[in-house]
Amino acid sequence: MSVPYNHKVIEKKWQKIWDDNKAFAATDDYSKPKYYALVEFPYPSGQGLHVGHPRPYTALDIVARKRRMQGYNVLYPMGWDAFGLPTENYAIKNKIHPKIVTANNVKRFKEQLHSLGYSFDWDREVNTTDPEYYKWTQWIFLKLFNAGLAYKTEMPINWCTSCKVGLANEEVVNGVCERCGSPVVRKVKSQWMLKITDYAEKLLEGLNDVDYIERVKVSQKNWIGKSQGAEVDFAIAGKEDKLTVYTTRPDTLFGATYMVVSPEHPMLEKYKDEIKNLDAVHEYQEQAARKSDFERSELAKEKTGVQIDGIRAVNPVNGKEIPIWVSDYVLMSYGTGAIMAVPAHDTRDWEFAKKFNMPIIEVVAGGANVQEEAFTDVATGKMVNSGFLDGLEVADAKKKIIEWLEEKKLGTGKTNYKLRDWVFSRQRYWGEPIPIVHCDKCGYVALPESELPLELPDVESYMPTDNGESPLAAMTDWVNTTCPCCGGPAKRETDTMPQWAGSSWYFLRYTDPHNTEALASPEALNYWLPVDWYNGGMEHTTLHLLYSRFWHKFLYDNKVVPCPEPYQKRTSHGMILGENGEKMSKSRGNVVNPDDIVNDYGADTLRTYEMFIGAFDLSASWSENGVKGCRRFLERVWKLQDILVEGDGFSSDMETKMHQTIKKVSNDFENLKYNTAIAALMTLLNDFAKKGSITKGEYRAFLLLLNPVAPHITEEIWNTCGYEGYVYQQPWPEYDEAKTVENTIEIAVQINGKTRGVVALPVDADKETALAKAKEVVADKLTGTIIKEIYVPKKIINIVQK
RNA sequence: GCCGCUGUGGCGGAAUUGGCAGACGCACUUGACUCAAAAUCAAGCGGGUAACACCGUGCCGGUUCGAGUCCGGCCAGCGGCACCA
């Protein structure tokens, strides 16, 4: 009898052996085939590891371990995305330096990850808050700055009333700050911006060359939001001036019955002397300014606006004068901040027109009555009431009107992107200092590369100042410096970078993490890039993923990296919810601590359970009973030792099953189907248990297949049973396709599409034989006239009778 | 409002992509072992019927010899959002 399965002893033992052997270190032998598996590095929060973390880490650990067994030089690294607000807020509250808070959190995370037996190469650990790391974050920023892609501008930004920081639009969730939940208002501030919009087209096109799951591609595309339309100039009546709009539907120009400008539009200031109802306009502007973008969209159902009295526009196609309105459903940040309204063919314009009694003119026929609802379909319908466009299809009308506008110099075809530039400043302490000084004479000047890293100085207080300046602003010794350009007095930038900065290039650093001369050597980058498989949360598909692709493409254009896309393959995992199906949170009281599971059941059980819990890309609810089931499975795997018999190969009655299982598990590990891979191993285990014996050859293959999921127990059994070396050094088991095929197969016999029996047939049975046998089986049910016989080999027999 | 995802037993979920719906696990029931319990092992387990029949993959239609899977129209839940002209 085998000794009882003691996970505590076994797991510690093997973790030590792996560490001592440096079993999972990626080598710098660039002659071997490489595989770079990457998971999003965590933010080391004070709460410690969440049971959600191990899900993606285990999945790619399986891939990494399998690849090593297949002979690849594997890079599977881990690090810390450690700048950020929670750490800073904790530091403020407890008056501890964020550096210390971070170090403590990292230590805890590392111990927890270690206890799970991941095959990370810990020699390549990176930390975004390490000056040796953020030196290169700053270096990339300088490159961007020198290329004209970083600029400072006065613009309305999202302002968190509590954190007192500007937030990227992307960081505002439901009108409140993503980090602290306080209301966000609009405030004008001078901000560093990164011109991601210059890369909109490249970011879009690059998606054609990568293997991302479809959902992620769609999100990226929608976020970039390319549209093709036209800019059209509307003359302002009685003035030598024009109002330019962007429209995706220039074909509907004849149906434009009014115009709308956003409350921030400069024409309102320019023509203030002509506007007779200036007070009403001003009041509307103020109301709009008080609303967040979220509120402006929340109130969408009820359109608001003020007609500008005193200024009118002229529709260029027919010379008709039309009114101009101001309304907050038009945003200054998209297009030109002004639109032509075509209520018959745009839903929002239609709602607005109905509320304010504006005329609705149909210019595309083919829909319902446009007085009742807007007709927005562009695929069907023909132009009407549109002069020289009448009778054309929408697409043709679009082309023709653009030609006409360009010929008359009234407008031009234009491609627009929804994507906006990236607000890159934070008025915060715990972030990378921006390596720029401001000199009255020279303007914004980049620090010379030799002065990097520009380290964060120690300050008294980490609190942002009330006027919204970073805590660094109070450090006059640090702020006052000399201009690298002219040597005169200058002031350092006191804003810091957003958390996204460090995570936009960390995967490059892993390839050569200790390099002091460059962010990584060209050889290392050339060998390891691109990342072969990157897995991360769905919540990062528009922010982090797009930002890091942008930086990578910029670095590619500057010949720093060897490939245009950073990630060859991107997958996403689903969330792990509490037992009650709700998001795990302290307030709901449904948080599960992975330490408890590791302690009570073992890391192998936790790993197995997280992979077995359900489809990898969907969210799944935690179940303690499910954990127990996986522990039971491992116990039974352990007890196979008691029925082990001699024999290096597979016994004849198990041969097909063995080859089938090797095939299924191998394929499932590649296709995010970890749950069914484990189910297949459970089925195989049941077969051996029922049979009462397993050969050494069969057990060997079984242990190899299970090893990536449950590495500790499999190494221990391997060792106890006297197999050679370590499991992690063995080649991945191979299957013989020919031996996965059964000689005879049971297929269903249907009558009129309903299963009436089952017949065993040789796999290659011809139709006659198959039908003859089938008819024997269902003879008593064949009572009518047979009108059709269907035989699909290996699938089905269906006899249709009347 | 728009976009994306998801609806299958008591529960988590399978179904080689149009071919025996419910693999595998959990829970439960019964039996064996035990003084007993736990653990373990064995059997059963969608509804329905004495047994068949029959009914069953959110709802309503359609295509097909055959639909969880494809098409059209809905409904519900979850997530995201920048009223994007």
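Scope of the values below: all heavy atoms of this structure, side chains included, with no hydrogens, waters or symmetry mates. Just so we're on the same page: letters track the sequence lines, and every chain starts at 1.
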Item to check | Closest nucleotide among B/C5, B/A82, B/C83 to the A/R348 side chain | outcome: B/C83
Rounded to whole angstrom, note down the [atom1] distance from [N] over to [M].
{"N": "B/G44", "M": "B/U63", "atom1": "C1'", "value": "40 Å"}
{"N": "B/G47", "M": "B/A53", "atom1": "P", "value": "16 Å"}
{"N": "B/C70", "M": "B/C5", "atom1": "P", "value": "12 Å"}
{"N": "B/G58", "M": "B/C52", "atom1": "P", "value": "27 Å"}
{"N": "B/A36", "M": "B/A21", "atom1": "C1'", "value": "43 Å"}
{"N": "B/A42", "M": "B/A27", "atom1": "P", "value": "16 Å"}
{"N": "B/U8", "M": "B/C59", "atom1": "C1'", "value": "15 Å"}

[X] [atom1] - [N] [atom2] separation (whole Å):
{"X": "A/Q801", "N": "B/C65", "atom1": "CD", "atom2": "P", "result": "16 Å"}
{"X": "A/N752", "N": "B/C54", "atom1": "CG", "atom2": "P", "result": "11 Å"}
{"X": "A/F616", "N": "B/U6", "atom1": "CZ", "atom2": "C1'", "result": "18 Å"}
{"X": "A/L681", "N": "B/A23", "atom1": "CG", "atom2": "C1'", "result": "14 Å"}
{"X": "A/W223", "N": "B/C3", "atom1": "CH2", "atom2": "P", "result": "16 Å"}
{"X": "A/Y609", "N": "B/G13", "atom1": "OH", "atom2": "C1'", "result": "11 Å"}
{"X": "A/I751", "N": "B/C20", "atom1": "CD1", "atom2": "C1'", "result": "14 Å"}
{"X": "A/L685", "N": "B/G25", "atom1": "CG", "atom2": "C1'", "result": "12 Å"}

Next on the checklist: Counting only heavy atoms from other residues, nucleotides and ligands, does the tally under 6.0 Å from CD of A/E768 exceed 12?
Outcome noted: no
Checklist entry - Is it the case that more than 12 heavy atoms not belonging to A/K226 sit under 6.0 Å from its NZ atom? => result yes
Next on the checklist: Taking the ring of A/W325 and the ring of A/F356, is the distance between their centroids below 6.0 Å?
Outcome noted: yes
Just call it for [X]: base, sugar-phosphate, or nothing, with non-hydrogen atoms closer than 4.0 Å on any strand.
{"X": "A/T683", "result": "sugar-phosphate"}
{"X": "A/A615", "result": "sugar-phosphate"}
{"X": "A/K754", "result": "sugar-phosphate"}

Any side-chain N or O of [X] under 4.0 Å from OP1/OP2 of [N]?
{"X": "A/N686", "N": "B/A23", "value": "no"}
{"X": "A/R632", "N": "B/C26", "value": "yes"}
{"X": "A/K628", "N": "B/G12", "value": "no"}
{"X": "A/N222", "N": "B/C3", "value": "no"}
{"X": "A/K418", "N": "B/A82", "value": "no"}

Checklist entry - How far does CE of A/M682 sit from OG1 of A/T608, to the nearest 0.5 angstrom? => result 7.5 Å
Checklist entry - Between A/E214 and A/K221, is the closest basic N to carboxylate O distance under 4.0 Å? => result no
Next on the checklist: I'd like to know if the side chain of A/E624 pairs up with that of A/Y601 as donor and acceptor (distance under 3.5 Å, no hydrogens or angles considered).
Outcome noted: yes
Checklist entry - Does any donor atom in the side chain of A/H7 or A/D604 lie under 3.5 Å from an acceptor atom in the other side chain? => result no
Next on the checklist: Could you check B/U49 for me: syn (within 90° of 0) or anti?
Outcome noted: anti
Next on the checklist: I want to verify the glycosidic state of B/G9; is it syn or anti under the 90° rule?
Outcome noted: syn
Next on the checklist: Only pairs with both distances under 3.5 Å count, Watson-Crick or wobble alike; so what is the partner of B/U16 in this structure?
Outcome noted: none
Checklist entry - For the base of B/C65, is there a side-chain donor-acceptor partner from A/N798 under 3.5 Å away? => result yes
